[in-house]
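So the structure is just underneath, and the comments pick up after that.
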Amino acid sequence: MRRRLPPPIVALAAIGAVFISLPAIALAARAPWGRFAEILSGPGAREALRLSLEVSLAATVCAVVLGVPLAWVLARGEFRGRTVLRALAISPIVLPPVVAGVGLLMALGRRGVVGGWLYDALGVQLTFSTAGAIAAATFVSMPLVVLAAEAGFRGLDPRFEHAAAVLGARPGYAFRRVVLPMVRPQLVAGAVLAWARALGEFGATITFAGNLQGRTQTVPLAVFQLLQTDQEGAIALSLVLVVLSIAVLVALRGQITGAS
Amino acid sequence: MALDADVIVARGDRTIEVALQVGDGETVALLGRNGAGKSTALEAIAGVAPLASGHVTLGGRRIDGLPAEQRHIGVAFQDAMLFPKLSVLENVAFPLRARGAKRAAARERASGRLDELAPGVSREALPPTLSGGERQRVALARALVADPELLLLDEPFASVDAAAKPALRALLRGTLASFSGPKVLVTHDPIEATTLADRLVLLEDGRVTQRGTPQEVRDRPATRYAAELVGTNLFTGTLEPQGSDAGILHTDGGGELTVVWPDPLPRRSIGDVRATLSPSEIAVHVERPEGSARNVFRGAIEEVAVTGGRARIRLRTTPTLVAELTTGSVERLALGPGTEVWASCKAVEIRLMVPGEEPDTL
């Protein structure tokens, strides 16, 4: 039997639903449908789309390669400062992106703590480069991988790892052959969320890597710039991001929240 | 290749302390209630629970300093612990692959073990699709595939349904017999323990309370738990129908017991039947008893053991019996070693376990 929900709750939920979906609806309402193809095939938009794709995919790979082992250490390691390390690892989720950008600048900028050495010794400069945009996107998206993967590892019966060890598997082999396949759904969810987050990244990128067309100007940065010169172009590019984000979340269904 | 283990493991606010010596080819059952610390002791021997102190020596070599993967122990885990994302064949090939065997060679050897131990199980199936009995068979194949020096079995019947148990027990008996190293069986089921093991080690609340052969523990249970669980008369044999409602159990030792026919089973001869009879259900008489009891035996008292207010009397009847009496009765009847007595019990008191029909535990 379906239970009837109390009307005040339904009313508030309706207001919440409208508020949250209104921007997407408004974008669609004001979209320059006639110029859509023209805008998206223009050189600035095309380059921004290509760059966004490259940067977000590269950042996802970096976030998974670094974030999954970090999640493993947080889930299974027993050491002092684990709680602090976990807080640090997921802090970019709540940090203002511009603050992340300033932090990255101080760390990896031309005169940064590590960046100065990178430039002097290896001639590598991250600021104003695509690599810098990837670094910024990795920084903000890795926590999503860490969160999802750690939840996956914690949900895993440690006796499977014990069994693998007793059966002769070194920890690396057990991890690859037994643990990873079992947490695959969580890793996929984490990676997809990280990708979506990297795709939408703006603040840290513009602060750390700058807004250079063809090098660091991803779609969100292009939207920001277009808003001052070609509002219809900004709306069209924005809609592309909205559609992509919603498509990703629908595809993941309840994987993130646990709803089926 | 004997096992000599003295494991002391800290578990929360208590410690588990178990010393085990198991010779080549010998099977020792670690018997105790759930939570007694049996599995923890096994984990310590296998190397996945850290030792607080003690040692584990296998074939004269200390192995407690080695990580689990270098100990070369075969373990069939409780709930089988098959890797759910690997196929049956990949699971069994795992110990070989983990030690660097080539894929084709590992699969061939794994396949051979599966032919032997789990012939009806699909090689490509994923473990969650198997029955409990099938999972346990595959786990056994996986435990044995790399020819370990020591075999540990943790509650091999725990997640196996009753109908599949007799076949698995027969398989396990054969496997244990053909494995030449030391074997440790962890179980909470005294019948599994007494029928599969040469010696028992009883564990209560993290401590060993008794060790000995099943016979010794049955005759002189050291604790109430031992008396309740192991100190019972156990018979195995073939059941023949008799009369309209009864049967005769021809025990393997040549005795005969009249039992109530286990309805609704068809009335025909049934092999591999096990029966238990509580010692307190056996009456001891000085004169031949008159009455309704359909089982009457004659024999001399071999031994009288007194624990608490109760005496356990071992009778040289066929089959041999252990009866439990109050010490008052023993004095009144002037019972002692050598006294010729009669023993009786009702057919209804003999509990039968027929293959495929048995309850989970006693």
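Owing to the predicted nature of the structure, the values given are computational and were not obtained by experimental measurement. Proteins get letters first, then strands, A, B, ... in listed order; numbering begins at 1 in each.
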Go through the steps for B:Thr40 and B:Arg11 under the test side-chain hydrogen bond (donor to acceptor under 3.5 Å, both in side chains), then give the verdict.
CA-CA 8 Å; B:Thr40 303; B:Arg11 260 291 139 99; 3.1 Å; yes

Which portion of A:Arg177 sits near chain B, non-hydrogen atoms under 4.5 angstrom:
both

Run A:Glu54 and A:Arg50 through salt bridge (Lys or Arg N to Asp or Glu O under 4.0 Å) and show every step you take.
CA-CA 6 Å; A:Glu54 278 177 20; A:Arg50 175 189 58 79; 3.0 Å; yes

Residue A:Arg184 excluded, over 12 heavy atoms near CZ under 6.0 Å:
no

As an exercise, state the distance from NE2 of B:His188 to CG of B:Leu30, rounded to the nearest 0.5 Å.
13.5 Å

Please state whether the side chain, the backbone, both or neither of B:Ala146 comes within less than 4.5 Å of a heavy atom of chain A.
neither

B:Arg113/B:Asp147 salt bridge by N-O under 4.0 Å criterion:
yes

Applying a strict 4.5 Å limit to non-hydrogen atoms, the region of A:Phe160 in contact with chain B is both

Chain B heavy atoms under 4.5 Å from A:Val166: which part of the residue, side chain, backbone, both or neither?
both

Decide if atom CD of B:Gln70 counts as having more than 12 heavy atoms of other residues, nucleotides or ligands within a radius under 6.0 Å.
yes

With a cut-off of 6.0 Å (strictly less than), are more than 12 heavy atoms of other residues, nucleotides or ligands near CZ of B:Arg14?
yes

Neighbours of chain A found in residues 71-97 of chain B - heavy atoms under 4.5 Å:
B:Ile73, B:Val75, B:Phe77, B:Gln78, B:Asp79, B:Met81, B:Leu82, B:Phe83, B:Pro84, B:Lys85, B:Leu86, B:Glu90, B:Phe94, B:Pro95, B:Arg97

With side chains defined as the heavy atoms from C-beta onward, is the minimum distance between B:Val22 and B:Lys183 less than 4.5 Å?
no

